[in-house]
Amino acid sequence: MADAPWWKSAVIYQIYPRSFMDSNGDGVGDLAGITSKIDYLVDTLGIDAIWISPFFNSPMADFGYDVSDYTGVDPLFGDLDAFDSLVARCRERGLRLIIDWVPNHSSSEHPWFVESKSSRDNPKRDWYTWADPAPDGGPPNNWIAVFGGPAWEYDDSTGQYYLHSFLASQPDLNWRNQGLKSAMLDTLAFWLDRGVDGFRMDVVHFAMKDPELADNPVLDQPETGYKSLGNEYDRLVHANDRGHPDIHPMLREVRSILDRAEAESGSAKYSLGEIHLLDWNEWASYYGADNDELHMPYNFAFVNGPWTAQWARNNVEELEAALPEGAWPNYVLSNHDEHRLVARLGWDRSALAILMLLTLRGTPTIYYGDEVGMLQADIPPERQQDPWGQRVAELGRDGERTPMQWDATPEAGFTKPGVEPWLPIVDPDGLHNVAAQLDDPNSRLEFYRRLLAIRKTSSALQLGDYQTIHVVPDEVFAYRRSYGHEVVEIYLNMGQSPVDVVAEGSLLVSTDRARSGAVRNPTLAGLEAIAIIP
Ligand code: GLC
């Protein structure tokens, strides 16, 4: 257990910095705000690592995922001193710090792009992907941006198009250019020197495309896979605009920067790549054949789906089977791009899902606010801030990015009294906040605290093997975690009706607070989940 790197046993907590804690009363969260809440994260909640979404200089067209200086802090969030204070506080409290790295695209206001755009013979021209118009003057190929519309923007002054997989104000970096590559790798080294423990890597599989810029194949029927965007994006097979095999050598170079920092500091470094792929073998290839690429490709399998026992079991078994030797899984239920957990699953099913998240083999990520069951905000179209929501209201992501609710005051304790937060507070009954739930044994927060505390004392849950338990009713997904002689069994009744299971042991935790003591062939209520020591 002592030999395992921290990221195997850790529980990660994702912070959207605009929305966690506002220390200076401008209605937007900041780094000093996060620093002031480290004790909450460590002592009250009991998590081990935080991942902070981007806080770098940015025009905020995509709220920080459009970076104009990879080694700066946007004044909205503080400055490098505020960052250093955050690092120091995390160190003091033994909390690991993961930051977000956006390798696929910068902001169009990044000085690199400003230079690149200035003329065809600028030395940085090739730091981005420029191409001549098609013979008819249109875009160079049929690629579509994730946020809709062609992935190409025409630049009048130089007569070429540049590539942008997201917004036109997010031009894609050209990782095939050595100068760009080394400048970007330097940004990793910069933050490692400043003391970060790892990186979440934004849409990193997009970073390598077909060098010939070939068209994507067109489907007759739009694909319904991860996030059906309902736009032209789904009509293409994304064979050429992302995930080119050259991504693997690139990731090995990225990994070598982390490995070097690990050797120098004597402290494990970590990478979690945002890889939107549901083909397990392709997904698993991002670990690298010798576990020499990403420490983990982020696993989206449980973000959307029918929540049946068979589906859940298949997900886990397929993932386990696809993992390269020695690779470590991870699980996630929600993030800043998905509707709130309780909105997607409902209250009871979300409790079952959380118990599953924190007991499966792998590193779990929790999204801020889910620990108090924060609700999805209904943002009217005219108030949408998210560029996606401004294009297609249903795809807007503001509803899951509202300020963290610390107490039941009108500002939820997020900002100074009387200040209007950047997005509304969503606590209609005053119950979805930390103050209201702390010390209430039936609250969602107490449920998380209990699960996290149990996990922390259990090597089986943190590092144990996974084994499916097969002899259970159809509606039940059950598994065994074991580490040496220590064993925990988990039974999830994913159906709505009660079921009997054959199991015996002492109860560790149940989604039903009323259950306690010894368990012997229990009847699980609809959507009840239990963990026992057999
Ligand atoms: C990732 C981020 C998302 C962002 C996009 C473009 O998917 O999670 O929030 O909009 O990349 O950077």
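Only this structure's heavy atoms are used, side chains among them; waters, hydrogens and symmetry mates stay out. Indexing begins at 1, ligand by ligand and atom by atom, following the structure's order.
Within the structure, ligand 1 has Arg401 among the residues with a heavy atom less than 4.0 angstrom away. Residue-ligand proximity: Val102 is placed with every non-hydrogen atom at 4.0 Å or more from ligand 1. Residue contacts with ligand 1: Arg200 is included, with a non-hydrogen atom under 4.0 Å away.
With hydrogens left out, the protein atom closest to atom 7 (O) of ligand 1 is Glu274 OE2, 2.9 Å, a heavy atom. With hydrogens left out, the protein atom closest to atom 12 (O) of ligand 1 is His105 NE2, 2.8 Å, a heavy atom. For atom 1 (C) of ligand 1, the nearest non-hydrogen atom of the protein is Asp202 OD1, 2.8 Å. Of all protein heavy atoms, the one lying nearest to atom 6 (C) of ligand 1 is Asp62 OD2, 3.4 Å.
Other residues, nucleotides and ligands contribute over 12 non-hydrogen atoms within 6.0 Å of the CZ atom of Arg93. Counting heavy atoms of neighbouring residues, nucleotides and ligands inside a 6.0 Å radius, atom NZ of Lys117 does not exceed 12 of them.
Note on residues 349-363: pairs passing side chain to side chain donor-acceptor pair (under 3.5 Å), not counting sequence neighbours, are Glu320-Arg361, Trp328-Thr363, Ser350-Arg444, Thr359-Tyr479.
The contact set between ligand 1 and Phe166, taken as ligand atoms under 4.0 Å from a residue heavy atom, comprises 5 (C), 6 (C). Counting the atoms of ligand 1 from 1 in the order shown, those under 4.0 Å from a heavy atom of Arg397 are 3 (C), 4 (C), 9 (O), 10 (O). Near Asp337, meaning under 4.0 Å from one of its heavy atoms, ligand 1 places the atoms 2 (C), 3 (C), 7 (O), 8 (O), 9 (O).
Contacts with ligand 1 closer than 4.0 Å are made by side-chain heavy atoms of Phe147 only, the backbone lying farther away. Contact annotation: for Met201 versus ligand 1, there are no heavy atoms closer than 4.0 Å.
The pair Asp292-Arg255 does not meet the salt-bridge criterion, since no charged nitrogen lies less than 4.0 angstrom from a carboxylate oxygen. Asp370 and Arg340 are joined by a salt bridge, as a carboxylate oxygen and a charged side-chain nitrogen come within less than 4.0 angstrom of each other.
The nearest pair of heavy atoms linking His336 to Gln14 is ND1-NE2, 2.9 Å.
No donor-acceptor contact under 3.5 angstrom links the side chains of Arg194 and Thr71, judged on distance only.
Judged by a 6.0 Å distance limit and a 45° cone about the ring axis, Arg125 is positioned over the six-membered ring of Trp130.
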